[in-house]
Each structure stands twice: as C-alpha cells, then as structure tokens.
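Have a look at the structure below before the remarks.
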Amino acid sequence: SMLALLIAVLLRAPDETVAQVDDRPITASQLRAFVNETRATGDTTDVNGLVEVLVNEELLANAGYAAHLEKAGPVVAAAESTRRKLAAERFLEKDLYGTIKIADAQVRTLFHETGDSVRLKVIVVSSAPEANAIIARLARGAKFEAEALHSLDPAAAKKGGDLGEMTRGQLEGPLRDLAFSAPVGKVVGPVPLPLGFGVALVTSRYLADEGQLPSRRAQIEGFAIAQSRVGVRRHYLQQMRTRYRVALDEEFLKSTGSRNLATPEEANHLLAQVGSQSL
C-alpha cells in the first residue's frame, strides 16, 4: 500500500516523523527500534500495525503523564532499571563486541571441530602396565569386548568399550590426538587419561571436506562471534569485579533458599557492594 511505502521511505531517515500524538512525535528511529525489538521476539505484526501500537502506547502514556504517574515509585524504579540495561547493552555493543574479529584460521578450526568425527573403543585401567598387559592379550587373540568388561569407565564397559561416534570437538587431550592420528583398526596405547590409562581402537574416522567450508562460513562465524562475546563479557566483568572490589553476602543469599517473598528486614538487607554503590 502507499502507507507501507511511505513508512518504508521514512525508516531510512531516522529523524522523520511517522506519526504525531498531540505535540509528541513518533520518529522513524523509534519505529525502527520497535520493529527490531518485536522481530527479535518472533512477532510478525506488519510495520503499519506496529505504528498503531506505538500510537496507542503514546495515548495511554499521555493519560499517565496527566495524572503524574511517571513520578510514582514503581515507574521510577522500572525506568532506572531500563536505563541501566540499555546503557550496559550500548556499552557492550559499542566498546566491547566491536573489537571481536574472527580469523580464517579460527573458522577452519571450528569447521573441523564439528565436521570431523571418529568412532573408537576404549578400555580404561589404573596403570600403564595393566594397559600393556591388555594390549599383549589382544595381540594373542583376546576379544576387545571381553577385555572392556573390566574397564574403569562403566558406561563404555557395558558397550564393549565403544564410545560411539564423536566429533573432534567432543574429545580432549591425548585421546583426541590419538583418535585423529592412530591407524584405523589398530590397537594403540597406553594413553594417559583422567581416570588412568587407556587402550584404544579407532574403528572409523571421517574428516570434513574443506570444499564445504565456504557454504558454512557464515554459520560458523556467527557461532564464533557468539562464543567470543560470552568470553569477552566474562573477562571484562572479572576485571571490573576486581577493580570495584565487588562483595556479595553469599551466606545471606543462601539462607533465603528459594523463597520469592522477603521479610521487611530481609528487604533492607545489604546484598552486595560494588565500589561505593550498595545493593
């Protein structure tokens, strides 16, 4: 429709007014932010409908302003909470997340972390001599499944030592290195493991074709950026906690259990100290 076309044009100019409620304009930048917010929640209301929502909110807000309800305690507290969240989100996007760069080598590594897979059997024992004894028995014709019955890994023992198919990213340490370097079908070990030492047998292995990397690059980069954001945020907060000497009353927090309501004394209890700010 012509109205939809007009709104689409106005959205490109953030200071343009798309609606007027009394003397309060609703700008294209407000509408764009609202569109993004609703789309993020899966709302499929069209842009025209969202303009109507904003107009209705403005009409109801005007009624609230006329009654001076914007000064009410709950409204002030909610506004302050929203202000803090928006300031934090803006800082993260502008000053922290903007520094994240995903290198080609990182994309390739993640491609193989999820694309490479292996199926192997492992017997876990408490010492290297025990592992060597198993290897010797297997060489003389013993069955891997029978030897696996005594594995220290009870879950694998029930399956003859079979760990099932696992991706490169699901494996760690020496077992990971062995899984993608040992000859397929050959018993190897002893392998140092967290529970002791392992005897391993790689039964099959698949290495992802890097020719498929271009088609998966966008997905992998998106995952890498999301993971990097988590790490960057955690690292920054750890630094800030040290800098501002954050202190939590953990004993008090534990004492409240899962209760939703607080006594008057608990409601006024000091929960944390962030620099000079008390919570």
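Atoms considered below: every heavy atom in the structure, side chains included; atoms not considered: hydrogens, waters and symmetry mates.
- Pairing each heavy atom of L201 with each of V187, the nearest pair is CD1-N, 3.9 Å.
- Of all heavy-atom pairs spanning V118 and V202, the tightest one is CG2-CG1, 3.6 Å.
- Taking the side chain as every heavy atom from C-beta outward, R168 and L207 approach each other to under 4.5 Å.
- The shortest heavy-atom contact between S278 and L270 is CB-CD1, 3.5 Å.
- Using cut-offs of 30° and 60° for the angle between ring planes, the Y236 and F91 rings count as tilted.
- Across all their heavy atoms, R233 and Y97 have their closest contact at CD-OH, 3.7 Å.
- Residue pairs meeting the ring pair (Phe, Tyr, Trp, His ring centres under 6.0 Å) criterion with at least one partner in residues 161-208, sequence neighbours excluded, do not occur; the list is empty.
- The environment of H269 atom NE2 is dense: over 12 non-hydrogen atoms of other residues, nucleotides or ligands sit within 6.0 angstrom.
- Between R217 and D104, at least one side-chain nitrogen of the basic residue sits less than 4.0 Å from a carboxylate oxygen of the acidic one, meeting the salt-bridge criterion.
- A salt bridge is absent between R205 and D116; no separation between the charged side-chain nitrogens and carboxylate oxygens falls under 4.0 Å.
- Here the closest non-hydrogen pair linking E147 and A142 is OE2-CB, 3.8 Å.
- Atom CG of L195 sits about 6.5 Å away from atom CG of L152, to the nearest 0.5 Å.
- Across G196 and V124, no two heavy atoms sit closer than the pair N-CG1, 4.4 Å.
- In this structure, E93 and E89 have side chains that are not in contact, with every pair of non-hydrogen atoms separated by 4.5 Å or more.
- Under a cut-off of 6.0 angstrom, the local environment of CD in E172 is sparse, with at most 12 non-hydrogen atoms contributed by other residues, nucleotides or ligands.
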